[in-house]
Amino acid sequence: MARSLIKLAFLSCFCLSTLLFSHASDSILPNQSLPDGKFFVSSNGTFEMGFFSPDNSKKRFFGIWYKVISTGTVVWVANRDSPLNDTSGALTLTQDGNLIVLNTANGNVLWSSRFNYTSSIRNPVAQLLESGNLVIRDENDENPGNFLWQSFDHPSDTALPGMKMGKNLVTGLNRVLRSWKTSDDPSTGNYSFLLDSHGFPQFLLMGSGSVERFRSGPWNGKALSGTPRPNENMIYTFEFVFNQEEIYYTIQLINSSIFSRQVLSPTGILQRFSWNYRTQAWTTLTNSPADICDNYGICHGYGICDISINPVCSCLDKFKPQSEKDWASADWSGGCVRKTPLNCKNDGFVKYSGVKLPDTRNSWYNLSMNLEECEKMCLKDCYCMAYANIDIRGKGSGCLLWFEDLMDIKNRGESGQDIYISFQRTKG
Ligand SMILES: *[C@@H]1O[C@H](CO)[C@@H](O)[C@H](O)[C@H]1NC(C)=O
Ligand SMILES: *[C@@H]1O[C@H](CO)[C@@H](O)[C@H](O)[C@H]1NC(C)=O
Ligand SMILES: *[C@@H]1O[C@H](CO)[C@@H](O)[C@H](O)[C@H]1NC(C)=O
Ligand SMILES: *[C@@H]1O[C@H](CO)[C@@H](O)[C@H](O)[C@H]1NC(C)=O
Ligand SMILES: *[C@@H]1O[C@H](CO)[C@@H](O)[C@H](O)[C@H]1NC(C)=O
Ligand SMILES: *[C@@H]1O[C@H](CO)[C@@H](O)[C@H](O)[C@H]1NC(C)=O
Ligand SMILES: *[C@@H]1O[C@H](CO)[C@@H](O)[C@H](O)[C@H]1NC(C)=O
């Protein structure tokens, strides 16, 4: 095989250069540039990077896509909000370790990795890894912990296996997925998906104008409370990490040939796909929001959404619609209110099982408290609206307390968990 390639190469100089090029190039050195029309391929040929135009578009973007699969799905775009109008673009690594996309016709820099760091290194190299991660590192240092910059820390609309979706609490880096404007236009669209760490951490899918669209729910040891349990498939393993330094989830492929990716679509749906070799297309594994009850806060404060009931919204036990008239016409915007206000003397708790826990943005938590301590803690505070275990594995552990109106509760049946909601035991 190697010999026939060499023989072929001698047939023409052009052939020689392209063969050498496509064989050796996954890295770019200082002062080298990758012009429009040339490509770099990761070591085993899974990903490719270069300039491309989306379908029905003439604009030129620098990006990374799957090379091994027929659809060439794009997973990352550098200059998404400053495209070129012609093929005069090039990617260059500067002497001090900064990747830039520039317009060679006029020298304008359209995108720079330096937007997000200021340090430099002596012998920089930029390399497209087999994972689809484009990294800037020291030539002699392959330790991921020492990468100067990596595209996995600055995603476009796609999370790939090995990428940490979430936040570095030390540096403040939050990896946010941002949708494309349309399927033909990678420029920043209306939707974003990110970790929110006000209160107990959860992921939020936001629409334009910072309107919540979907909430993953907090991690409960088995799943993000509002999403399908992730570890019951043959395609990838799911890991959630929550410590002093980092909060993120990541997936690893079980078979490195069975690709999977998570994408925030231009219409605001967070989708996970896996590649189907037989149909040569992506199979949808999950969609979020998946149903009407996944629309953030559809039943408003103290409402609970149940997809198996029509209409879907009802008030929690011991609560009543704020406006019976609106509620009767399926206008849930007023939400529900207590039938009897809390009086801080003889309050108790109603237990709900099988729910997606409410919005945790104003919650308080302690990972080591047990359920009894948690109840005591909640009883002590007149503004405590509910409590729940954080981790539902085994006997359960941890304490989560809510101090604001309970928003975005969904009945999830067997996939849900328990919550205890405060009410006044006797009419006052
Ligand atoms: C890159 O270009 C600069 C300016 O022309 C030059 O000073 C430097 O030596 C070059 N570096 C390498 C590694 O070729
Ligand atoms: C590349 O492929 C070889 C052979 O299949 C495999 O042993 C190696 O682990 C792969 N490398 C990467 C980075 O995936
Ligand atoms: C591309 O064309 C648009 C519209 O004419 C212009 O606003 C933009 O500056 C051009 N971009 C570049 C990189 O030349
Ligand atoms: C750089 O970081 C800022 C603030 O964290 C962020 O708004 C911006 O999108 C980042 N830029 C890139 C190219 O990732
Ligand atoms: C991985 O998936 C590929 C493609 O379906 C298949 O050919 C291969 O046998 C699988 N490898 C393992 C170890 O299951
Ligand atoms: C994005 O938001 C704009 C303005 O709110 C709206 O006109 C447009 O239809 C939205 N696009 C999508 C795909 O939702
Ligand atoms: C969490 O609860 C444990 C057990 O009650 C206690 O020892 C610890 O100080 C609490 N931690 C915080 C941060 O409140």
Side-chain angles (χ1 to χ4, degrees), residues 9 13-14 16-52 60-67 74-156 160 162-164 168 171 173 175 186:
C13 287
F14 171 75
L16 178 66
S17 66
T18 42
L19 272 178
L20 288 178
F21 189 78
S22 64
H23 181 71
S25 295
D26 65 354
S27 321
I28 179 168
L29 293 167
N31 292 359
Q32 287 186 346
S33 100
L34 181 65
D36 195 325
K38 301 260 192 219
F39 305 97
F40 277 176
V41 179
S42 63
S43 60
N44 276 1
T46 303
F47 289 95
E48 182 168 57
M49 69 179 187
F51 285 88
F52 72 98
R60 304 294 290 168
F61 297 89
F62 186 87
I64 300 171
W65 54 87
Y66 285 94
K67 181 168 175 62
V74 174
V75 297
W76 185 76
V77 184
N79 56 322
R80 65 188 302 186
D81 291 309
S82 30
L84 287 116
N85 299 321
D86 54 31
T87 56
S88 57
L91 177 85
T92 297
L93 182 64
T94 65
Q95 179 71 9
D96 60 352
N98 184 21
L99 270 178
I100 54 176
V101 172
L102 78 162
N103 183 343
T104 55
N106 57 17
N108 285 350
V109 174
L110 300 172
W111 174 87
S112 162
S113 61
R114 185 51 63 80
F115 291 154
N116 285 74
Y117 67 90
T118 50
S119 55
S120 57
I121 37 174
R122 196 175 292 254
N123 299 307
V125 58
Q127 185 180 15
L128 177 61
L129 303 181
E130 258 298 284
S131 57
N133 193 7
L134 173 60
V135 307
I136 305 174
R137 59 175 176 85
D138 189 279
E139 210 176 353
N140 303 311
D141 190 350
E142 295 192 25
N143 178 356
N146 296 335
F147 291 161
L148 188 60
W149 179 91
Q150 51 184 319
S151 60
F152 273 16
D153 280 344
H154 306 281
S156 299
L160 289 173
M163 193 183 126
K164 295 174 174 181
N168 183 319
T171 63
L173 172 80
R175 303 168 194 86

- prompt: Given Lys164 and Asp153, is the salt bridge (Lys or Arg N to Asp or Glu O under 4.0 Å) satisfied, shown in steps?
  reply: CA-CA 8 Å; Lys164 295 174 174 181; Asp153 280 344; over 6 Å; no

- prompt: Going through the distances and angles, do Asp26 and Phe40 end up as a side chain to side chain contact (heavy atoms under 4.5 Å, CB included)?
  reply: CA-CA 5 Å; Asp26 65 354; Phe40 277 176; 5.5 Å; no

field: Worked verdict on Asp36 versus Leu84 for side chain to side chain contact (heavy atoms under 4.5 Å, CB included)
entry: CA-CA 10 Å; Asp36 195 325; Leu84 287 116; over 6 Å; no

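Phe47 has its ring centre less than 6.0 Å from the ring centre of Tyr66. Less than 6.0 angstrom separates the ring centroid of Phe52 from the ring centroid of Trp65.
Separation of atoms CD1 (Ile121) and CZ (Arg137) is listed at 9.0 Å; rounding is to 0.5 Å.
Counting heavy atoms from C-beta outward, Phe39 and Met49 have side chains that stay 4.5 Å or more apart.
With sequence neighbours left out, Ser131 forms a side chain to side chain contact (heavy atoms under 4.5 Å, CB included) with Leu129, Asn133, Phe152. With sequence neighbours excluded, no residue forms a salt bridge (charged side-chain N to carboxylate O under 4.0 Å, His left out) with Arg80.
Between Trp149 and His154, the ring-plane angle classifies as parallel under the 30° and 60° cut-offs.
Among Thr92, Leu91, Ile100, Leu93, the single residue meeting the side-chain contact (heavy atoms from CB on, under 4.5 Å) criterion with Ser33 is Thr92.
No hydrogens or angles considered: a donor-acceptor pair under 3.5 Å links the side chains of Ser88 and Asn103. Residues Thr46 and Asn44 bring no donor and acceptor atom of their side chains to less than 3.5 Å of each other.
Between Arg122 and Asp138 there is no salt bridge, since none of the side-chain N atoms of the basic residue sits less than 4.0 Å from a carboxylate O of the acidic one.
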